[in-house]
There are 2 protein chains.
Amino acid sequence: MHGYDGFSYADLAQEVGIRKASIHHHFPTKASLAEALLERYRRRFAATLDSIATRHATAGKRLRAYLKTYRDALAGGEMVCLCVAFSPGRDSLSDPVLDELKIFEEQSIAWLTEVFELGRTDGSISSVAAPQAEAAACLALLEGAQLLARAGKNVSRFDAAVAVMKSRIQ
Amino acid sequence: MHGYDGFSYADLAQEVGIRKASIHHHFPTKASLAEALLERYRRRFAATLDSIATRHATAGKRLRAYLKTYRDALAGGEMVCLCVAFSPGRDSLSDPVLDELKIFEEQSIAWLTEVFELGRTDGSISSVAAPQAEAAACLALLEGAQLLARAGKNVSRFDAAVAVMKSRIQ
DNA sequence: TTCAGCCTACCTACTATATGGTAGGCACTA
DNA sequence: TAGTGCCTACCATATAGTAGGTAGGCTGAA
């Protein structure tokens with residue numbers, strides 16, 4: 001998986017084990033393919049967030065699970081989440097794809113804002129400033145941490161970047 | 001400027017106003033071109049860090065200037081720093097380019113670690129945890145913040161992401 | 001001083017390959 | 001039968017790159 005520009009029908013075809021033209025049949029343009037991939041990714045991620053909130057009662061536990069989701073997505077430094085992969089090449093992206101990116105961001109910020117609000121209330125996250133500001137910082141931190149781990153193909157880069165955030169979880 | 005894979009001799013030729021083949025003359029392969037670009041970027045950035053440290057006596061002021069450097073590099077959301085642009089496509093990068101990425105990261109972490117150490121001492125940054133952990137988090141935060149601003153082509157995404165960090169500066 | 005050689009920085013013209021895509025077809029299942 | 005999911009064969013264009021060339025400036029030697 002490269003960035004958007006390095007992402008090709010040929011690579012995907014090889015990965016899935018069908019011919020390139022077959023993918024074209026289902027997704028006539030690269031833009032429609034990217035949109036579908038990103039929408040699927042976003043929906044799955046939303047389900048993951050719901051699941052986290054359901055299974056964990058405290059903000060600290062939710063945040064820890066969220067960090068883990070990002071870390072697991074790294075697959076040892078081989079992958080990053082689709083939003084991180086696609087964002088640098090945003091000028092190549094169609095409007096519907098950009099919309100998906102935006103929705104992903106909004107959904108993440110909303111979820112995290114609630115977590116930080118809860119964290120302030122239940123005391124399971126220490127030193128919570130304004131919850132929305134914390135949410136924006138947290139999302140940026142994780143995307144950047146994925147980037148660093150990806151560049152170095154080394155998960156410990158991610159771990160180093162989130163250590164302070166983790167230490168705030170009670 | 002796309003990611004690495006979307007970065008082409010043709011684009012650069014147009015930008016610089018000479019023919020593609022002329023660039024090939026100076027940089028025979030894309031890898032050598034990327035390496036030269038990244039090395040130049042890294043050296044300039046190191047000079048910027050030196051300049052900041054020279055002009056600002058307190059850690060808080062240094063950190064603020066550092067944040068500003070990243071924000072200015074966004075050019076209103078049109079650009080991100082080379083390391084952010086190249087990292088997702090890291091599998092396409094040659095070893096010397098990867099080395100430059102690594103050096104950039106190390107140089108940033110080292111500089112930021114000193115800033116956070118100083119911040120602890122001079123009190124100009126509040127609640128400093130382990131300086132090296134703070135440094136790793138800060139770098140990730142800024143790279144992620146650039147990504148978010150780039151995706152939305154909107155500098156306020158960056159501002160939102162770094163607000164908490166800024167509030168810690170005295 | 002002049003000239004030849006070298007260097008630098010650009011050029012035109014071309015190439016092999018990969019990309020996103022098109023057109024038409026086959027096979028299987030409900 | 002119709003629809004779905006795959007296929008082969010092909011195409012136009014963009015990419016990274018190759019080969020050979022020109023022009024101007026500089027330097028050193030005669």
Side-chain angles (χ1 to χ4, degrees), chain A residues 1-44 78-101 150-151, chain B residues 1-44 78-101 150-151:
Chain A
M1 167 51 85
H2 301 274
Y4 182 76
D5 296 299
F7 166 63
S8 70
Y9 276 89
D11 290 340
L12 185 56
Q14 188 175 32
E15 198 175 308
V16 177
I18 63 176
R19 291 307 166 98
K20 197 174 57 154
S22 304
I23 302 180
H24 269 291
H25 185 81
H26 299 280
F27 305 103
T29 63
K30 189 174 176 177
S32 58
L33 173 59
E35 185 188 347
L37 283 174
L38 205 48
E39 187 187 354
R40 189 183 69 166
Y41 177 79
R42 181 181 58 76
R43 288 181 186 281
R44 284 185 175 183
E78 295 282 352
M79 308 290 295
V80 287
C81 87
L82 269 190
C83 304
V84 171
F86 279 8
S87 297
R90 61 96 67 225
D91 288 338
S92 305
L93 302 179
S94 65
D95 284 344
V97 177
L98 290 172
D99 289 342
E100 288 291 333
L101 277 184
R150 175 92 183 101
Chain B
M1 168 49 88
H2 301 276
Y4 182 76
D5 295 300
F7 167 64
S8 69
Y9 276 88
D11 291 340
L12 183 58
Q14 189 174 32
E15 199 176 308
V16 176
I18 63 176
R19 292 307 167 98
K20 197 173 59 149
S22 304
I23 303 180
H24 270 292
H25 183 82
H26 299 280
F27 304 103
T29 64
K30 189 172 175 180
S32 58
L33 174 58
E35 183 188 347
L37 283 174
L38 202 49
E39 187 187 352
R40 189 184 69 165
Y41 177 80
R42 179 181 60 76
R43 287 180 186 280
R44 284 185 172 183
E78 296 282 350
M79 307 292 293
V80 287
C81 86
L82 268 191
C83 303
V84 171
F86 280 8
S87 296
R90 61 100 63 225
D91 288 338
S92 306
L93 302 179
S94 65
D95 283 346
V97 177
L98 290 171
D99 287 344
E100 288 292 336
L101 276 184
R150 175 92 181 104

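Chain letters run A, B, ... following the sequence lines, proteins first and then strands; every chain starts at 1.
For the pair B:Tyr9 (side chain) and B:Thr29 (backbone), a donor-acceptor distance under 3.5 Å is present.
We find that CZ of A:Phe27 is positioned 18 Å from C1' of C:dT22, with the value rounded to whole Å.
In this structure B:Arg19 satisfies the salt bridge (Lys or Arg N to Asp or Glu O under 4.0 Å) test with no other residue, sequence neighbours excluded. In this structure, the side chain to side chain donor-acceptor pair (under 3.5 Å) partners of B:Ser8, at least two apart in sequence or on a different chain, are B:Asp11. Judged as a side-chain contact (heavy atoms from CB on, under 4.5 Å), and not counting sequence neighbours, the contacts of A:Pro28 are A:Ser32. In this view, A:Ala36 and A:Phe27 satisfy the side-chain contact (heavy atoms from CB on, under 4.5 Å) rule, not counting sequence neighbours.
Shown for residues 16-26 of chain B: residues whose heavy atoms fall under 4.0 angstrom of DNA chain C, namely B:Ile18, B:Arg19, B:Ala21, B:Ser22, B:His25, B:His26.
Identified under the salt bridge (Lys or Arg N to Asp or Glu O under 4.0 Å) test for residues 29-43 of chain A, with sequence neighbours left out: A:Glu39-A:Arg43, A:Arg42-A:Glu100.
When side chains are defined from C-beta on, B:His26 does not count as touching B:Ile23, because their heavy atoms never get closer than 4.5 Å.
In the helix from C:dT1-D:dA30 to C:dA30-D:dT1, the terminal helix axes, each the rotation mapping four pairs' C1' atoms onto the next four within five end pairs, subtend 0°, rounded to 10°.
Relative orientation of the B:Phe7 and B:Phe86 rings is tilted, given thresholds of 30° and 60° on the angle between their planes.
In 5' to 3' order, the nucleotides of DNA chain D bounding all contacts with chain A (an atom under 4.0 Å from a heavy atom) are D:dG5 to D:dA9.
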Legend entry - Intermediate values then yes/no, side-chain contact (heavy atoms from CB on, under 4.5 Å), B:Val84 and B:Met79: CA-CA 10 Å; B:Val84 171; B:Met79 307 292 293; over 6 Å; no
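Taking each heavy atom of B:Ala31 and B:Val97 in turn, the nearest pair found is O-CG2, 3.7 Å.
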